[in-house]
Amino acid sequence: EPLTLDFWSVDQDGQYAYGMAKAYEAAHPDIKVNVRRVQFPDMVNDLARAAMTGNVPDISYVDNPDVALLASRGALSDLTGMIAADKTIDMESFYPGPRGAASVNGKVYAVPRGANTLALFYNADMFKAHGLDPDHPPQTWDEFYAAAKTLTDPAKNVYGLAFSAANSEEGTFQFLPWVQMAGGNYDHINTPGAVEALQFWQKLIDEKVASPDTLVRGQYDSTGTFNAGNAAMVVSGPWELPRMSRDAKFDWRVALLPVKTAGGPRASALGEGTNVIPTKAKHPKEAFAMISFMNARMPTVWNDFGFLPASKVDVPDPKWPAAYKVFATALEDAKVRGPSPDWVKISKPIQTAVQAALTHQTDAKTALDTAQAQIDRVLKK
Amino acid sequence: MQITLDGLQKHYGTYHALKSIDLAVPAGQFVALVGPSGCGKSTLLRTIAGLEAISAGTLRIAGEDVTRRPPRQRDVAMVFQSYALYPHMTVAENMGYALKLRRLNRTDIARRTQVAAATLGLEALLGRYPRELSGGQRQRVAMGRAIVRDPKVFLFDEPLSNLDAALRVHMRGELRDLHDRLAATSVYVTHDQIEAMTMADHVVVMRAGRIEQQGRPLDLYDRPASRFVAGFIGSPAMNILPGTVDPSGRAARLDGAEGPLLSLPMLLEPGRPVLLGLRPEHLRLSQEGGARFDGVVDHIESTGSTTFVKLKVASQAMVMTLARRLDVTLGDPMQIGFDPADLHIFDRESEASLVTQRDAPPRAGRA
Amino acid sequence: MQITLDGLQKHYGTYHALKSIDLAVPAGQFVALVGPSGCGKSTLLRTIAGLEAISAGTLRIAGEDVTRRPPRQRDVAMVFQSYALYPHMTVAENMGYALKLRRLNRTDIARRTQVAAATLGLEALLGRYPRELSGGQRQRVAMGRAIVRDPKVFLFDEPLSNLDAALRVHMRGELRDLHDRLAATSVYVTHDQIEAMTMADHVVVMRAGRIEQQGRPLDLYDRPASRFVAGFIGSPAMNILPGTVDPSGRAARLDGAEGPLLSLPMLLEPGRPVLLGLRPEHLRLSQEGGARFDGVVDHIESTGSTTFVKLKVASQAMVMTLARRLDVTLGDPMQIGFDPADLHIFDRESEASLVTQRDAPPRAGRA
Amino acid sequence: MRLSVFDTFRDGRGLDALLVLLTLVYLIVFGLAPILYTVLMSLQQVDMFTLGDFSRPFVGFANYVDVLTRPEAGMVARHTLVFVALSVACQLVLGFALALFFQQDFPGAGIMRGLFLAAWIMPGLVVGGIWRWMLAGDNGVVNSLLAVTHLHPTKIFWMSDPATSLYAVTIANIWLGIPFNMLLLSVGLAAIPKDLYEAAQLDGAGPVERFRSITLPMMRATLGALVSLSVIFTLQQFDLFAGMTQGGPSNSSNVAQFWSWQLSFQTYDIAGGSTIAVLMIAVVIGVATLYVRSTRHEQIG
Amino acid sequence: MKRYLLTAIGIGITGAYLFPLYWMYATALKDDAEIVQYPPTLVPQRPFWNVGEVFFGRHMPSYLWNSLVVAVGVTALVIVLGTGCAYVLGRARGRWVDALLFFVLMMQVLPSSLVVTPLFVGFNLAGLLGTPRLAVILAQTAKALPFYVVICRASFAGVPRDLEEAALVDGHSRLAAFFHIAVPLARNGILVAAVLVFLQSFGEYVFARSMISDDGLQTATVGLSAFLGPNTSDWHGIMTYSAIYVTPILIIFVLLQRRIVAGLTAGAIK
Ligand SMILES: Nc1ncnc2c1ncn2[C@@H]1O[C@H](COP(=O)(O)OP(=O)(O)OP(=O)(O)O)[C@@H](O)[C@H]1O
Ligand SMILES: Nc1ncnc2c1ncn2[C@@H]1O[C@H](COP(=O)(O)OP(=O)(O)OP(=O)(O)O)[C@@H](O)[C@H]1O
Ligand SMILES: [Mg+2]
Ligand SMILES: [Mg+2]
């Protein structure tokens, strides 16, 4: 009778985990893979609760910033040894971002399953209509602001820009690259550059270049407004490509995020997650074999599931080749959030600070100082 | 305040509860409304109060058409048959509620409540809730609620039915006094003959949603227009026996084997089937003179002051009331006398009285 | 079934509603329970039914101690003063419910319900819900609920108070027949003198939670043990006037200016303050012989058959009942006669009767 | 004679005891235990990963100090108060108005009343989503209707303006609570004997006065139950915050229950979350006490 | 005439109130672009309706069945456990009753999301997680029971006591009088409370999500969350799904309203 591997993921039918499971079962008739869907925000809770009762899966998806947390609490198997013995997984082949997310204190607890990052989508038709050159999307923050300002057309309910500053991890995800470009990071969130980055966002909202609802909209809904023609540009990721090509009835294009000043450092966010084996998994060996199998199929994730490959592999005949090139470039500078076992406690003050400043409850500097104080407390512990 | 009802009708779904009621109650009158259970008395009161939508007809109070006026614009006080006490208010609050709504000040309310409570013997219960009262106490609170006000119109729906005799006599006097003092117009539903006869200026007899007869109390007693009214007014009810006018036309023979011949106070067509009515209290024992017939004692009951003798007369049952004890054995024969002027005669078919046109019999001074 | 109450007490919170009731109702007896409103009649019935927890004392039915038995093990049928009809059942269902609980089959239930409904004049209303009935109709349904059963014990709490006179007379007969037919034991609360006197084998007079006197109906009428019972039994109530035994000891003078002298049927200490009682129906007009005094007509009421004359005698009020009309004007002087044997005498202090020991006066045959 | 054991459960005090115990035992096992566990956790150092083992260090009231000294604590308390007070009051008033309206006899009253159940059927996630769309600043239908009817021509950014975000959630919550209030009040209204209104009318009471002195006191049992349950439900409302504002912008619409959830399940600080829950229990104790006291003045049949 | 005016007003009020419900249907018929369009379209311009795809593609029959099992189980359990308690608390008075009432109300105090963790631990120890739907029923019953008791108590308090006394005299035990007289007369409150409990349990989310791991036993509201991914939220799908979920229940309640809600006015007790 076939051995059953329990595989928890956040995917929906037809996405990564299901596709991989089908492929793996086809290749290994003696194995059955039972995929269970877990809500994205619940994954850590469920894994922790499962660890408590012992009903853990054999393989699970874990979001990048959560690996450190779970690993530090002993919930994840140390894969260092198995990877060393394995022929297909080479940690060095991963981009620095994904690689950083997978290891804690030099030990590897996770294998990246793919990656995504942020870039700037823009509506080339609107660029033309407003006399902007669609072949030269904005390169710096100033150009970016100017373009957004030009593109904003309240009479037609069009904002120049859409992005997300929601009170959730998405807000941190979108904000950190701008801080990093200005010379700051999550652990130095109140540097002058970071304050400037936040003030730049403030300006976008204050001047109604981006909708005030940016504060409550996730990336998906923000991009929806872009697709509907209510925003001329949107900061978002490759996961939107299928929907955009279906819904956006205009010439849309992708560009790298603008940098603060010409020649300044680039930065982008690292998204997507990893596959892990929980500590109490019943079939760790078989589980690792499947992880290895999945890793081997990294070149197909772009076309099959809309992920960027997390490692430097050749993607043969990529869909949306132009977009692929931009995102692959962006990924080079994508930085992992953390890693820190207390990432959520770092991320929360950042979200709050961003929102407090954008709604002018405090000024940018004070907001970020407050956040920094809270982050310091967490990091010192 | 005069109350005038014109062609009033009331339907409950398909049930026709009031069938064209015409009634005029002059201002200041005290009207008793009597009739068998279910004939529509409460319904009539409720339409006057404005609690039931009227299906047809008009209602005027003091000349004004109030058919569509809400109850509270009619200035009517009513004692409900079901009491309808406010369960969440004490006795005092129940009684003072109407006054409170009239914005009387606290001391006035307390004073008037106190007075009414004293009248009703409720002083000790003012702080109780209705659920802590006996049946009669509840009824008194219901009454108290009406009498603390001084409304234009009083409507009483059997307000004394649960009170003992002494209290009832007392309340009769109080109610009538109140009525006179306020010069109010009162409509009073009762099943108590004594109440109807002694309190009211005018009695209305209802039957199945219609007014059967109305008039001064003693007129109804003396000259009931129909067998129904004759049987309804007076207690025990009038003895009504089928008979046939004999060939002379001056007497009638009771139906049944060897029915006795009763002389009639008037001339009727011979052979006409009639109903002969004799009130129990108009029957006498073996008296010389006057009309007379034989009966057999069937049953005897005494209330102490009054004795009810049930008789068999030519196989028909009759009741006789005597104002004293009687020492007879069941089965004893008895000779019964009566004054022919007390005989009521009704058409067998229409049941209408055949003697209503005659004058009131000269009854007074017959002691 | 015999019902025996021994030292029964009932408290409602701090209110002492029944203060040690001792009562033995022999099997098959029909007992009337009378007393002023609020004296504890309903409470007593409810304790017999098992609806109130008894604070002290024991209750036996048919010799068995049932003090702590639930109502259903007592086989008691009760008519509630408040009716307590099931609002979600039709008239027929209300009446048949107890039978259904006894697992009678459907046709039996229907038959018995039908019979009871016919007795009560409810045939046309069997399909109605209680809220669609008039007050008297509801009361009849409440009664129907009790009489469809054949229980050991019947408890009636003012079951006829909302019925018209004719129906009431009819129901009196029916209830008494039912009682006899089932050989049941019945306890019957009523405010109606006639009901108590004519239906009951035994009358219990209650006052403020105690039994004041009990006995055969006419005994209570003839020999009330106290001023209270004297005033309570009989309607209109007995005239009770303060007086003082005169020096002869054979007569008493009514208090007040020029109070007349009434001869006494017995010898009392001279100068003793007493209360003199005379029933309105024992007073006569200007009759030669017997005792006699003068009064002035104050007010006259007539029910048709009976006339109530209110008199002023030596500035005290008296009522006289006459079994006929009277043609006098207010203010007329009147000479009043009475039979000294009808005089009741009570101690002014204790209000106890001073004549209860004497034999029943030979009243019969005084016609 | 005493009742037999069997009989006491049919006729005596035993029946009351039995009926009460059914509920009581169940609630002690499945209701009280988790509450005590929560209280325990608020006194310990716990996070997501130490939930299962009981040998956790006790920290006394450190968690309370920690939670209460956080910068957002005061704000959250204030928001919770506003949210609960406003929601409960409006639900009650609107629910009462609707119950009174549909109490009248007109064709379709029953069907319409049934339709009001819709809000109770819809999953919380969907309700949150719908209101989010409807109150959206740029493309929400509410703003669009306000603009079309010239009530408020400029757009209101309901959820992203800190001045309105709490009210946006409150509006949605009021919508959600109306059927509950309306239905239970309808039940209470139907149980009031008609003749009391009739008596009051004759006593001269107008509609307002009748409502005040008959309807309200007669509904005491229902109102007590309703208000206390409404307060508790409102204190547990979670979906709308999750669906509409996530407590933002920057806590301007954060309330105790959402904050407690955020701490417990977003930052895995179970101790902090439990602490807030225990503080909320204290509020409910007050509500429950008021409710129990109010039942003393009820009319019991 | 006035009655029809009232009907018209009633329709107006109901319409306004149900607008969010309409918006759900409208959104279900719109594509993603139309959903965010401004000004919003009151009537979907390019309606498309993928009921079948959502219904079968998302395993709705099995989800709905599981929701039904949970809801029926909870409602039955709550009625069995709670009705008697509500009755006693509505009838008796005194310090004990106050204490009980207080206790019962307090059991309602914690949101599901907080009690689920201790219950999860306890149920795991007791082995109840092996029968996850039963576990959810037990947990949700604890949540709904206080609510039900408090609501029904108010209805029982309104039943006149003398009716029960009449039943005792007619030959009922107290237990039987409770069943045959008190319960029918308090039925409006019981029915409404039971309906609310049923609907609440049908839509239960937190317990089902945590305790049921087998997708074949999962309930409908949890199935709904499948439309929300880490980077996607398929509003069109969510609305379609919930339209499918809401519509039949709504139809049932409108059809049954004669018995459920309209019975309210008919049942005046006194
Ligand atoms: N729940 C209660 N709390 C306090 N007192 C009560 C309660 N129930 C009754 N009583 C009092 O007990 C006394 C006896 O009441 P009961 O109902 O037995 O009177 P009753 O003789 O039947 O009077 P009625 O002829 O008016 O019906 C009354 O004075 C009443 O006020
Ligand atoms: N809601 C109703 N639906 C149908 N019929 C009703 C309704 N209310 C009253 N009735 C009927 O209308 C008739 C008149 O009722 P009403 O209450 O006026 O009688 P009543 O004369 O006061 O009788 P009672 O002396 O018994 O109180 C009765 O036959 C009664 O059955
Ligand atoms: Mg009536
Ligand atoms: Mg009584």
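Naming convention: chains lettered A, B, ... in sequence-line order (proteins, then strands); numbering from 1 in each chain. Worth knowing before you read on, the calculation uses all heavy atoms, side chains too, and leaves out hydrogens, waters and symmetry mates.
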* Is the closest side-chain heavy-atom distance between E:V109 and D:M280 below 4.5 Å? -> no
* Asked: Of the backbone (N, CA, C, O) and the side chain (C-beta and beyond), which part of D:Y291 lies under 4.5 Å from a heavy atom of chain E, both, or neither?
  -> side chain
* **Closest non-hydrogen atom pair, D:A118 against E:L21** => CB-CD2, 4.0 Å
* Spell out, as yes or no, whether a donor-acceptor pair under 3.5 Å connects the side chain of E:Y17 to the backbone of D:W175. => yes
* Using non-hydrogen atoms and a 4.5 Å limit, figure out which bit of E:F202 sits close to chain D: side chain, backbone, both or neither. => neither
* To do: Over all heavy atoms of both residues, which pair between E:Y245 and D:I121 is shortest? Give the atoms and the distance, please.
  => CE2-O, 3.3 Å
* Partner chain E: residue of D:I28, D:L184, D:V25, D:T222 with the largest heavy-atom pair count (under 4.5 Å) -> D:L184
* **Audit row: E:Y241, D:V126, side chain to side chain contact (heavy atoms under 4.5 Å, CB included) steps and yes/no** => CA-CA 10 Å; E:Y241 185 105; D:V126 175; over 6 Å; no
* Is it the backbone or the side chain of E:L100 that comes under 4.5 Å from a heavy atom of chain D, or both, or neither? -> side chain
* Structure fact -> For D:A136, the side-chain contact (heavy atoms from CB on, under 4.5 Å) test, sequence neighbours excluded, returns A:D213, D:N139
* Contact winner vs chain E - D:W133, D:W261, D:F233, D:F101, heavy-atom pairs under 4.5 Å -> D:W133
* **Heavy-atom contact with chain D under 4.5 Å, split by part of E:Y87** => side chain
* To do: Against chain E, label D:L229 side chain, backbone, both or neither, depending on which of its atoms sit under 4.5 Å from a heavy atom there.
  => side chain
* Asked: Which one of E:S225, E:P118, E:A177 has the most heavy-atom pairs closer than 4.5 Å to chain D?
  -> E:P118
* To do: Could you tell me which portion of E:T7 (side chain, backbone, both or neither) has an atom closer than 4.5 angstrom to a non-hydrogen atom of chain D?
  => both
* Pick from D:G188, D:G108, D:P107, D:S228 with the largest number of heavy-atom pairs that fall under 4.5 Å of chain E -> D:P107
* Structure fact -> Residue from E:P20, E:P40, E:A142 scoring the most non-hydrogen pairs under 4.5 Å with chain D is E:P20
* Asked: Who among E:T117, E:V115, E:D98, E:L199 has the most heavy-atom pairs with chain D under 4.5 Å?
  -> E:D98
* Structure fact -> Under 4.5 Å to a heavy atom of chain E? For D:L98 that would be side chain
* **Partner chain E: residue of D:L22, D:D105, D:V283 with the largest heavy-atom pair count (under 4.5 Å)** => D:D105
* **side chain to side chain donor-acceptor pair (under 3.5 Å) pairs, two or more places apart, involving residues 100-112 of chain E** => none
* Asked: So with a 6.0 Å cut-off around CZ of E:F19, is the heavy-atom count from everything else above 12?
  -> yes
* Check whether any side-chain heavy atom of D:V187 sits under 4.5 Å from a side-chain heavy atom of E:S155, and report yes or no. => yes
* Quick one: pull up OG in D:S186 and CG in E:N188 and give me the separation to the nearest 0.5 Å. => 10.0 Å
* **Heavy-atom contact with chain D under 4.5 Å, split by part of E:T14** => both
* Please walk me through it: do E:R93 and D:T295 pass side chain to side chain contact (heavy atoms under 4.5 Å, CB included)? -> CA-CA 9 Å; E:R93 281 185 172 199; D:T295 63; over 6 Å; no
* Structure fact -> Closest heavy-atom pair, E:S113 versus D:F265, reported as atoms and distance to 0.1 Å, is O-CZ, 3.3 Å
* Structure fact -> Bottom line for D:Q257: the part with an atom under 4.5 Å from chain E's heavy atoms is neither
* Asked: D:L15 and E:R174: which non-hydrogen atoms are nearest, and at how many Å?
  -> CD2-CB, 3.6 Å
* D:F238 and E:Y205: aromatic ring centres closer than 6.0 Å? -> no
* Check: D:I232 and E:F147 side chains under 4.5 Å, non-hydrogen atoms -> no
* Please tell me if the side chains of E:S242 and D:M122 come closer than 4.5 Å, counting only heavy atoms from C-beta onward. => no
* Does the pair D:W131 and E:W23 meet the rule for a side chain to side chain contact (heavy atoms under 4.5 Å, CB included), with working shown? -> CA-CA 9 Å; D:W131 278 99; E:W23 208 237; over 6 Å; no
* To do: Using non-hydrogen atoms and a 4.5 Å limit, figure out which bit of E:L145 sits close to chain D: side chain, backbone, both or neither.
  => side chain
* Judged by atom type as modelled, is there a donor-acceptor pair below 3.5 Å linking the side chain of D:Y26 to the main-chain atoms of E:L138? -> yes
* Which portion of E:T141 sits near chain D, non-hydrogen atoms under 4.5 angstrom -> both
* To do: For chain E, find which of D:T38, D:L32, D:L21 contributes the most heavy-atom pairs closer than 4.5 angstrom.
  => D:L32
* To do: Against chain D, work out which of E:A139, E:G10, E:A193 has the most heavy-atom pairs shorter than 4.5 Å and name it.
  => E:G10
* Tell me, out of E:N124, E:I238, E:L114, who's got the most heavy-atom pairs with chain D below 4.5 Å. => E:L114
* To do: Determine the minimum heavy-atom distance between E:M24 and D:I130, stating which atoms define it.
  => CB-CD1, 3.4 Å
* If you count heavy-atom pairs under 4.5 Å with chain D, which of E:L224, E:L119, E:T221 comes out on top? -> E:L224
* Asked: Which region of D:D195, side chain (C-beta onward) or backbone (N, CA, C, O), has a non-hydrogen atom less than 4.5 Å from a non-hydrogen atom of chain E, or is it both or neither?
  -> neither
* Taking D:L125, D:I35, D:I270, D:I285 one by one, which has the highest count of heavy-atom pairs under 4.5 Å against chain E? -> D:I285
* Would you indicate whether the side-chain heavy atoms of E:I249 and D:L117 approach each other to under 4.5 Å? => no
* Asked: Can you tell me how far the CG atom of D:L19 sits from the OG1 atom of E:T83, to the nearest 0.5 Å?
  -> 9.5 Å
* **Residue part contacting chain E, namely of D:S274, when any heavy atom lies under 4.5 Å** => neither
* To do: Identify which part of E:F198 has an atom lying under 4.5 Å from any heavy atom of chain D, answering side chain, backbone, both or neither.
  => neither
* Below 4.5 Å from any heavy atom of chain E, which atoms of D:A109 appear? Answer side chain, backbone, both or neither. => neither
* Checking E:L77 against chain D: side chain, backbone, both or neither under 4.5 Å from a heavy atom? -> side chain
* Determine the minimum heavy-atom distance between E:M239 and D:G129, stating which atoms define it. => CE-C, 4.3 Å
* Asked: Checking E:V149 against chain D: side chain, backbone, both or neither under 4.5 Å from a heavy atom?
  -> side chain
* Asked: Do D:L24 and E:C85 come close enough that some side-chain heavy atom pair is under 4.5 Å?
  -> no
* E:I11 versus chain D, the contacting section by heavy-atom distance below 4.5 Å -> both
* **Side-chain (D:W120) to main-chain (E:Q200) donor-acceptor, under 3.5 angstrom** => no
